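These notes concern the structure reproduced below.
All values below were derived from every heavy atom in this structure, side-chain atoms included, with hydrogens, water molecules and symmetry-related copies excluded. None of the values given here were measured: they were computed from a predicted structure.
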Amino acid sequence: MRKFSKYFIVFLLTGLVAQCQKKEAKSGVEPEAAVHEMSEVSDNVQILVEPSPMRGSNGIVWGPDDKLYVGSVWHNAAFVVDPVTGEYEMIEGSKGTDDMAFHPDGRLFFNWIATGEVGMMDTDGTISVVAKVPVGNDGIAINDEGRIFVSGQFADSHLFEIYPDDNREPRTITNEGMRMSNAMAFGPDGKLYGSAWVTGEAIQIDMEDGATEMVGEKQGANLSAAKFNSKGELHVMDAAHGVIYKVNQDDQTFELVAKTPFPSTDNFCFGPDDGMYVTSSADCYVYEMTGLDTYREIIPSGLGLVGGVTFMEDNGKPVMVVVDIFAIRKMDHETGKELSAARGITMTTDVGWMMTVEPYDGDQVVTTSWTGNFVKIWDMKTNSMVANFEKFKMPTNAITIGKDIIFSELGGAVKRFSPDAPDKAMELADNLKQPFGLAYDNGDLYVSEDMGGRIVQILDNDKVIKPKVVRDGLSSPQGLAIDNGKLYVVEAGKGQLISIDLSSGDTNTIATGMEFSTGKLEFTDSKNWTRSSVSILGSQAYITGAGSGAIYKVNL
């Protein structure tokens with residue numbers, strides 16, 4: 001059975017999440033301490049894992065200038081890419097683009113999925129917003145007459161026609177429901193075709209009344225894109241398996257024509273001579289497929305939206321565990337090489353949108369997501385979910401004390417619960433300003449206030465106390481770790497790692513010059529969804545660069 005119901009509900013609520021976040025933002029002002037004060041990179045900082053050039057790659061289209069145009073939701077931008085050299089340039093003024101399409105007159109239209117806006121780049125490079133539809137606008141297709149159609153996915157499932165050249169409101173054509181399309185295209189017959197993410201159908205859609213006709217079905221597939229080559233042959237991408245099929249509409253059969261290295265792909269397009277170009281939301285690459293299972297790298301793979309980092313033992317050796325929205329990965333802590341990964345497929349797998357990770361019990365970890373609204377226990381050996389706690393309010397981080405889980409909520413609370421009784425969670429603190437970092441040692445629990453610029457202690461000898469300020473005046477303190485009596489703090493606003501001696505209170509700057517993300521966590525700012533964590537192993541600190549997409553290794 002497909003695992004779509006709970007994720008479908010979560011993503012239907014994302015529009016409400018965005019509205020709640022906007023309301024919260026109005027009532028709080030980011031403190032002056034959160035202003036970026038970047039320093040030079042210190043000698044003890046090494047970039048263990050280089051950032052991806054595009055932190056996630058989504059929609060892709062061949063442009064009239066023989067360049068590839070690629071959207072990136074996590075980078076909150078769109079890019080122009082030279083398909084030969086791999087050189088790329090961000091389109092200034094663009095936002096988190098999930099899909100895009102060219103108009104016959106040369107204008108480029110973008111779907112900015114986190115805001116519900118449809119953007120347009122005019123032929124002179126000017127960018128403007130030309131339509132507003134519900135959050136979740138995903139697929140976009142334009143026919144030879146210049147008519148523009150937009151499909152929603154995840155947070156919305158409608159099909160619209162928009163009118164950028166007059167004052168008409170978007171026309172609602174149909175609600176696709178479970179047959180929602182991530183990417184659409186017009187066929188040589190002038191008809192609109194879509195790909196049903198959940199049901200695995202290739203569908204033909206009537207542009208006037210929304211009636212659909214199934215032209216091919218693949219059981220177990222998550223069809224993320226539908227495109228036509230120059231011969232007028234329909235092709236679909238299966239994100240669940242990272243493959244592309246040619247669809248024979250006469251007998252509704254699927255022929256495998258391309259196989260990418262991993263699942264969790266996103267989109268593809270055809271170039272001249274039917275060259276096939278593919279993107280991956282999980283691995284962030286742009287490849288040209290050169291054969292059934294061979295490819296040429298144009299934009300290399302990398303981390304998408306990195307958040308949590310921790311360590312666990314694997315065959316008696318320490319292994320680094322990293323989460324970055326669409327994957328939970330085991331990595332070599334010395335080389336940064338990926339050892340294995342469980343990649344997520346939105347609405348169909350249990351990975352979800354993981355943002356933090358901490359050891360739990362044996363081969364298990366605990367992970368959280370404020371956008372996915374969960375605290376999960378995940379088994380790293382079986383790559384499967386053990387438990388999912390979905391009733392909390394936008395969890396931002398979690399650590400463990402024995403079998404208990406302590407987590408922070410975006411609204412300001414820190415709570416503790418037993419997985420056996422999640423409904424009996426105990427509140428340890430409230431009214432904190434965007435709490436994130438959590439660190440526990442010998443009965444003492446410390447919390448960082450990302451928006452408050454403080455570190456506070458809320459447990460003393462395992463007893464709840466009124467938040468006691470350990471250090472204030474910090475610039476966006478985020479990840480915390482305790483080692484040898486020192487509290488290590490990622491001071492994101494200054495791009496540095498500092499230490500606080502828990503006995504004397506002395507503060508020292510350990511490393512500088514790193515890039516992190518700061519500010520209010522809001523759904524509409526997809527580049528800023530994660531926060532930077534720190535984990536200590538021996539004489540090194542490992543830090544995730546939520547702003548840069550890198551993983552830093554710091555000699556202490």
Side-chain angles (χ1 to χ4, degrees), residues 2-25 56 58-59 71-74 76 95-100 109-119 129 131-140 149-162 169-170 172-184 194-199 210 222-225 239 264 266-267 281 304-305 325-326 344-349 351-355 369-374 390 393-394 410 521-530:
R2 286 180 173 272
K3 304 173 183 177
F4 63 78
S5 57
K6 57 190 170 182
Y7 290 109
F8 183 62
I9 292 171
V10 167
F11 282 95
L12 285 179
L13 294 175
T14 51
L16 294 177
V17 170
Q19 293 303 316
C20 291
Q21 292 300 91
K22 288 178 181 177
K23 290 178 182 178
E24 289 178 9
N58 302 107
S72 172
V73 175
W74 310 135
N76 202 29
K95 299 181 183 179
T97 303
D98 203 293
D99 203 1
M100 66 194 87
F109 288 82
F110 311 87
N111 260 341
W112 295 334
I113 189 171
T115 64
E117 296 170 314
V118 180
V129 176
K132 184 73 170 64
V133 296
V135 169
N137 51 320
D138 201 342
I140 185 168
F149 298 85
V150 173
S151 63
Q153 190 175 12
F154 308 131
D156 184 65
S157 56
H158 288 85
L159 177 68
F160 301 93
E161 182 173 8
I162 66 168
E169 291 294 315
T172 302
I173 301 172
T174 183
N175 185 342
E176 295 181 66
M178 291 295 102
R179 305 170 99 196
M180 52 191 141
S181 294
N182 181 69
M184 306 181 295
S195 54
W197 182 276
V198 174
T199 63
N222 296 117
L223 300 187
S224 62
S264 195
D266 190 280
N267 215 319
S281 50
L305 197 59
I325 293 289
F326 271 173
I345 311 295
T346 301
M347 299 177 65
T348 60
T349 65
V351 174
W353 289 6
M354 295 181 177
M355 296 183 178
S369 174
W370 68 269
T371 58
N373 209 58
F374 64 70
E390 300 178 282
K393 297 180 180 178
M394 302 181 194
L410 185 59
L521 290 171
E522 295 184 87
F523 182 76
T524 54
D525 186 0
S526 56
K527 187 177 182 179
N528 196 39
W529 284 3
T530 58

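- A side-chain donor-acceptor contact under 3.5 Å links S72 to the backbone of G56.
- Distance check: I325 CD1 to M355 CE gives 3.5 Å after rounding to the nearest 0.5 Å.
- Ring orientation note: the planes of H158 and F160 are tilted relative to one another, at an angle of 30° to 60°.
- Judged purely by atom type and a 3.5 angstrom limit, S181 has no side-chain atom pairing as donor or acceptor with the backbone of S151.
- Side chains of N267 and N58: a donor-acceptor N/O pair is absent below 3.5 angstrom, by distance only.
- Put simply, the side chain of S224 gets close to the backbone of D266: a donor and an acceptor are under 3.5 Å apart.
- Not a single donor-acceptor pair under 3.5 Å links the side chain of T524 to the backbone N or O of T115.
- For N182 (side chain) and A225 (main-chain N/O), no donor-acceptor pair under 3.5 Å exists by modelled atom type.
- Looking at residues two or more places apart in sequence or on another chain, you find a side-chain contact (heavy atoms from CB on, under 4.5 Å) between D525 and N76, K527, N528.
- In this structure, N111 contributes its side chain and I113 its backbone to no donor-acceptor pair below 3.5 Å.
- The ring pair (Phe, Tyr, Trp, His ring centres under 6.0 Å) search around W74 returns F326, W353, W529, not counting sequence neighbours.
- Between atom CH2 of residue W370 and atom CZ of residue F523 there is a gap of 8.0 Å, rounded to the nearest 0.5 Å.
- A donor-acceptor pair under 3.5 Å links the side-chain atoms of N137 to the main chain of E117, judged by distance alone.
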